[in-house]
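Report on the following structure.
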Amino acid sequence: MAFDRGLFEAPATEVAPLLLGGLLEVDGVLLRITEVEAYLGIGQDPGSHAYRRQGPKNSTMFGPPGHLYTYFTYGMHVCSNVVCSPQGQASAVLLRAGEIVDGIEIARMRRATSRTDADLARGPARLTVAMGIGLADDGADLSSSRVRLTLPVAASAFETSQRTGVSGPGGAPEFAWRFFLPGEPSVSPYKAWVPKKR
DNA sequence: CATTAGATCGTCT
DNA sequence: GACGATCTAATGA
């Protein structure tokens with residue numbers, strides 16, 4: 001299916017399930033998306049990077065839809081998102097997991113610590129490494145850059161849950177914006193957020 | 001299988 | 001100064 005920019009003009013909560021089963025291609029490595037999470041914009045979503053205001057860290061989220069938003073976190077990891085909603089609304093879909101369907105030798109090299117192929121892109125930071133995506137790809141147009149996204153022709157059957165790893169109110173049941181394909185080995189087990197120990 | 005600690009740094013308070 | 005849309009290795013059952 002052709003890249004339809006209009007599809008990304010909707011809020012992330014609507015776009016997220018459409019991405020399931022979609023394909024992400026970077027330099028010959030192909031990923032089938034199996035798990036995503038939606039994040040909304042200012043004042044709407046306590047778990048979102050765009051909850052408070054636009055800043056250096058989240059400015060790409062406020063840009064045009066259909067572009068890649070990559071961010072650096074925990075002092076060592078990079079995660080990948082697809083920007084949604086009209087420009088300025090700042091919603092995005094976090095790519096949490098997927099199955100490598102082509103270029104798997106390359107992905108294995110990049111994720112040498114991975115013991116099984118299902119672990120290659122199981123988790124947002126792992127997925128980003130396996131695909132060779134970095135902070136330099138932040139803002140890339142997903143229809144014309146080295147990172148390409150194509151959506152499935154038909155929607156897939158999916159399940160939902162609360163979001164993983166989101167601290168505070170953003171992890172509450174009313175923000176059940178994790179979407180995944182049931183029965184996929186690459187989907188990470190749901191982990192409820194727990195307060196740090198003292 | 002489950003739980004825990006440590007790594008590591010930009011951003012915000 | 002604390003914390004985070006995380007991951008890995010180590011330890012114990």
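Numbers restart at 1 for each chain; the letters A, B, ... are given by sequence-line order, proteins then strands. Just so we're clear, the structure is a prediction, and the values are computed from it rather than from any experiment.
For the pair Phe72(A) CZ and dT8(B) C1', the interatomic distance rounds to 7 Å; values are reported in whole Å.
Here Arg148(A) does not pair with Glu25(A) in a salt bridge; the nearest charged N to carboxylate O distance is not below 4.0 Å. Arg146(A) and Asp137(A) are joined by a salt bridge, as a carboxylate oxygen and a charged side-chain nitrogen come within less than 4.0 angstrom of each other.
By the side chain to side chain donor-acceptor pair (under 3.5 Å) test, Arg108(A) pairs with Glu105(A), Asp117(A), sequence neighbours left out. Here Ile42(A) pairs with Phe62(A) under the side chain to side chain contact (heavy atoms under 4.5 Å, CB included) rule; sequence neighbours left out. Evaluation of the side chain to side chain donor-acceptor pair (under 3.5 Å) rule for Thr60(A) yields Asp138(A) as partners, not counting sequence neighbours.
You'll find the side chain of Phe8(A) stays beyond 4.5 Å of the side chain of Leu142(A), heavy atoms only. Side-chain contact between Arg52(A) and Asn58(A): absent, with no pair of heavy atoms (C-beta onward) separated by less than 4.5 Å.
Transitive grouping of hydrophobic side chains (ILVMFWY, heavy atoms separated by less than 4.5 Å) keeps Val147(A) and Val83(A) in distinct clusters.
When the options Ile133(A), Leu68(A), Val82(A), Leu19(A) are evaluated for a side chain to side chain contact (heavy atoms under 4.5 Å, CB included) with Leu24(A), the one that passes is Ile133(A).
Using a distance-only test at 3.5 Å, with no hydrogens or angles considered, a donor-acceptor pair links the side chain of Gln162(A) to the main chain of Gly171(A). Listed for the Arg111(A) side chain is no donor-acceptor partner under 3.5 Å among the backbone atoms of Val129(A).
Expressed to the nearest 0.5 Å, how far CE of Met61(A) lies from OG of Ser48(A) amounts to 4.0 Å. Leu31(A) contributes atom CG, which lies 5.0 Å from atom CG of Leu127(A) (distance to the nearest 0.5 angstrom). With values rounded to the nearest 0.5 angstrom, Asp4(A) atom CG is found 12.5 Å from Thr150(A) atom OG1.
Between Tyr69(A) and His49(A), the angle of the ring planes goes over 60°, which puts this pair in the perpendicular group of the 30/60° scheme.
For DNA chain C, runs of at least 3 consecutive pairs of the Watson-Crick or G-U wobble type, with both hydrogen-bonding distances under 3.5 angstrom, map to B:1-7 with C:6-12, B:9-12 with C:1-4.
For the segment residues 29-38 of chain A, the set of residues with a heavy atom within less than 4.0 Å of an atom of DNA chain C is empty. In the region residues 48-64 of chain A, proximity to DNA chain C at under 4.0 angstrom, judged on heavy atoms, holds for His49(A), Met61(A). Contacts between residues 131-143 of chain A and DNA chain B, defined by a heavy-atom separation under 4.0 Å, are absent. Scanning residues 162-170 of chain A for heavy-atom distances under 4.0 Å to DNA chain C yields Gly165(A), Val166(A), Ser167(A).
Annotation: dA5(B) and dC3(C) have their P atoms spaced 15 Å apart (nearest Å).
Identified under the side chain to side chain donor-acceptor pair (under 3.5 Å) test for residues 70-85 of chain A, with sequence neighbours left out: Ser80(A)-Thr128(A), Ser85(A)-Ser91(A).
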Write down the protein N/O and nucleotide N/O pairs, taken from nucleotides 7-13 of chain C, whose separation is under 3.5 Å; answer none if there are no such pairs.
| from | atom 1 | to | atom 2 | distance (Å) |
| --- | --- | --- | --- | --- |
| dC7(C) | OP1 | Pro124(A) | N | 3.3 |
| dC7(C) | OP1 | Ala125(A) | N | 3.0 |
| dC7(C) | OP1 | Arg126(A) | N | 3.2 |
| dC7(C) | O4' | His77(A) | NE2 | 3.2 |
| dT8(C) | OP1 | Arg111(A) | NH1 | 2.7 |
| dT8(C) | OP1 | Arg111(A) | NH2 | 3.4 |
| dT8(C) | OP1 | Thr113(A) | OG1 | 3.3 |
| dT8(C) | OP2 | Arg126(A) | NE | 2.7 |
| dT8(C) | OP2 | Arg126(A) | NH2 | 2.3 |

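Through direct or relayed side-chain contacts under 4.5 Å between Ile, Leu, Val, Met, Phe, Trp and Tyr, Leu23(A) connects to Leu30(A), Val101(A).
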Less than 3.5 Å apart, which donor and acceptor atoms pair up between the side chains of residues 172-180 of chain A and the rest of the protein, not counting sequence neighbours?
| from | atom 1 | to | atom 2 | distance (Å) |
| --- | --- | --- | --- | --- |
| Arg178(A) | NE | Glu35(A) | OE2 | 2.8 |
| Arg178(A) | NH1 | Ser161(A) | OG | 3.0 |
| Arg178(A) | NH2 | Glu35(A) | OE2 | 3.2 |
| Arg178(A) | NH2 | Ser188(A) | O | 2.7 |

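By the 5.5 angstrom centroid cut-off and the 30-degree plane limit, Tyr71(A) is classified as not stacked against the base of dA5(C).
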